[in-house]
There are 2 protein chains.
Amino acid sequence: MAETPPSGESLLYLTDEQLRKGIEAMFFAYRGFTADPDRILEERDYGRAHHRAVHFIHRTPGLTVSSLLAILGVTKQSLNRVLRTLFDDGLVEARVGKTDKRERRLHLTDKGAELERALSDAQRARMRAAYRAAGPQAVQGFRTVLEAMMDPEMRRQYLREDGS
Amino acid sequence: MAETPPSGESLLYLTDEQLRKGIEAMFFAYRGFTADPDRILEERDYGRAHHRAVHFIHRTPGLTVSSLLAILGVTKQSLNRVLRTLFDDGLVEARVGKTDKRERRLHLTDKGAELERALSDAQRARMRAAYRAAGPQAVQGFRTVLEAMMDPEMRRQYLREDGS
DNA sequence: CTTGGAATGTCAACAACACTGACGTAAATT
DNA sequence: AATTTACGTCAGTGTTGTTGACATTCCAAG
């Protein structure tokens, strides 16, 4: 196989071994990434699905159910089960859309915001530690590769509202 | 909104917004990361759990059930369900340990290796495309941040057998 | 004004994949 | 001989996902 990097300035010598290492890095890192929130969620009898819903409602207050559906990429039945428990527990509230009364615009209650903060504090702490350990250049590269790895549709979701 | 991008050698000032963006990048990228294998697995009536098992048996032929258990971080009951279907379908075979006859050392059959190749080809293709798009520096940073994000125990698993 | 479609909710059934707990067996270790 | 280790298995449960079918409300277009 190619041991000499191809000429030109983009000297990526991508052996299968290197790529495999990247694949495993994603696998193990994702586990670390979710570990802290998972612990908090378990205490309160919620799951990752609740985390995701709460996260995106926090990020975009007033988003509709169908938008959330598109972001999460699950069926409405699946999302609805989660949303119902969040309503019942008073973490999320739905307000009827102003222009379109069919829409239910989702918002976090104070209680919901409190859970969101607990979860994202934990997750940010780990992310911050990783960023610090890796340094600014690494952070830039991290984001660039992840972005390139997304499906185009998801990349659009990601870039929406911009941010860095 | 970013006033000054985090690139260059400037220190990191890690705003919550920046960190949130990193969190979402992980979320969306992981979806892309698993999308291609998921399609192949569905065709053949397997799931992600089978993928993980096959991947690590391929990576370390002859590994024991308990090692695999430690890597995957699941219960033996859960792993056993998956391994049984892989045995039954003739993708994996278990050989009694030479020195310790209690051990079952796991190996892929030709058929198993064929599935592994299909899965990792797909996953590597995406990884390669992402790497190419991002460039060598980004790749380095990507790996560095992911490594820093792992739990220490998982990092040891990851670094075992070294590589790159 | 009627009709079609969009946005949403809900019931029911099912599957993958995780968990706990308990029990069993063979082989290694002490 | 007793204990521990490695592994398997039976049974039950929970979360999160899926299809499929059906109802409601409301906007928009003919």
Side-chain angles (χ1 to χ4, degrees), chain A residues 27 30-31 34-35 37-57 62-89 92-107, chain B residues 27 30-31 34-35 37-57 62-89 92-107:
Chain A
F27 173 68
Y30 199 78
R31 284 252 292 272
T34 54
D38 281 354
R39 273 187 285 273
I40 294 169
L41 290 160
E42 200 187 5
E43 285 169 16
R44 315 198 188 189
D45 266 28
Y46 292 117
R48 276 191 205 171
H50 301 88
H51 184 184
R52 293 195 277 265
V54 164
H55 173 95
F56 285 106
I57 294 169
L63 95 170
T64 63
V65 173
S66 56
S67 306
L68 187 50
L69 237 29
I71 291 170
L72 297 178
V74 297
T75 58
K76 65 178 172 176
Q77 293 91 329
S78 193
L79 175 58
N80 223 263
R81 203 178 5 204
V82 169
L83 281 183
R84 202 175 346 168
T85 75
L86 293 174
F87 289 141
D88 292 351
D89 297 353
V92 170
E93 60 180 27
R95 303 177 195 156
V96 172
K98 278 177 193 165
T99 60
D100 189 334
K101 290 179 186 167
R102 290 170 304 178
E103 293 175 343
R104 303 172 65 195
R105 318 209 75 121
L106 304 169
H107 298 263
Chain B
F27 174 69
Y30 198 78
R31 284 252 291 272
T34 54
D38 280 355
R39 273 188 285 273
I40 294 169
L41 290 160
E42 200 187 5
E43 286 169 15
R44 315 198 188 188
D45 266 28
Y46 292 118
R48 275 189 206 173
H50 300 87
H51 184 184
R52 293 196 278 266
V54 163
H55 173 95
F56 285 106
I57 294 169
L63 93 170
T64 62
V65 173
S66 58
S67 304
L68 187 51
L69 237 30
I71 291 170
L72 297 178
V74 298
T75 58
K76 64 179 174 178
Q77 293 92 326
S78 193
L79 175 58
N80 224 263
R81 196 182 335 124
V82 169
L83 280 184
R84 204 174 346 171
T85 74
L86 293 174
F87 289 143
D88 292 350
D89 297 352
V92 170
E93 60 181 26
R95 304 177 194 157
V96 172
K98 279 176 192 166
T99 61
D100 189 335
K101 289 178 186 168
R102 290 170 306 178
E103 294 175 343
R104 301 172 66 199
R105 318 212 74 121
L106 303 170
H107 297 264

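Numbers restart at 1 for each chain; the letters A, B, ... are given by sequence-line order, proteins then strands.
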Using a cutoff of under 3.5 Å, can you pull out all pairs of nitrogen or oxygen atoms linking the protein to nucleotides 23-30 of chain C, with atom names and distances?
unit_1, atom_1, unit_2, atom_2, d
C:dA28, OP1, B:Lys101, N, 2.9

If the cut-off is 4.0 Å, is B:Arg52 near the phosphate of C:dA16, judged by side-chain N/O to OP1 or OP2? no
When you get a sec, tell me which of D:dA6, D:dT9, D:dG20 is the closest nucleotide to the side chain of A:Gln77? D:dG20
Within the structure provided, determine whether B:Arg105 and B:Thr64 are in side-chain contact (heavy-atom separation under 4.5 Å). yes
Rounded off to whole Å, could you give me the CG-to-C1' distance for the B:Leu83 and D:dA6 pair? 14 Å
Given D:dC7, is OP1 or OP2 found less than 4.0 Å from the side-chain N or O atoms of B:Ser66? yes
Neighbours of DNA chain C within residues 38-51 of chain A, by heavy-atom distance under 4.0 Å: none
Measuring from the side chain of A:Ser78 (C-beta onward, heavy atoms only), which nucleotide among C:dA7, D:dT19, D:dT16 has the closest atom? D:dT16
What's the CZ-C1' distance between B:Arg81 and D:dT13, to the nearest Å? 12 Å
Dot-bracket line, read 5' to 3' along DNA chain C, where crossing pairs take [ ] and | marks a partner on another strand, Watson-Crick or G-U under 3.5 Å: ||||||||||||||||||||||||||||||
Given atom CG of A:Leu79 and atom C1' of D:dT15, what is their separation to the nearest angstrom? 15 Å
Does A:Thr75 make a side-chain N or O approach to OP1 or OP2 of D:dT18 shorter than 4.0 Å? yes
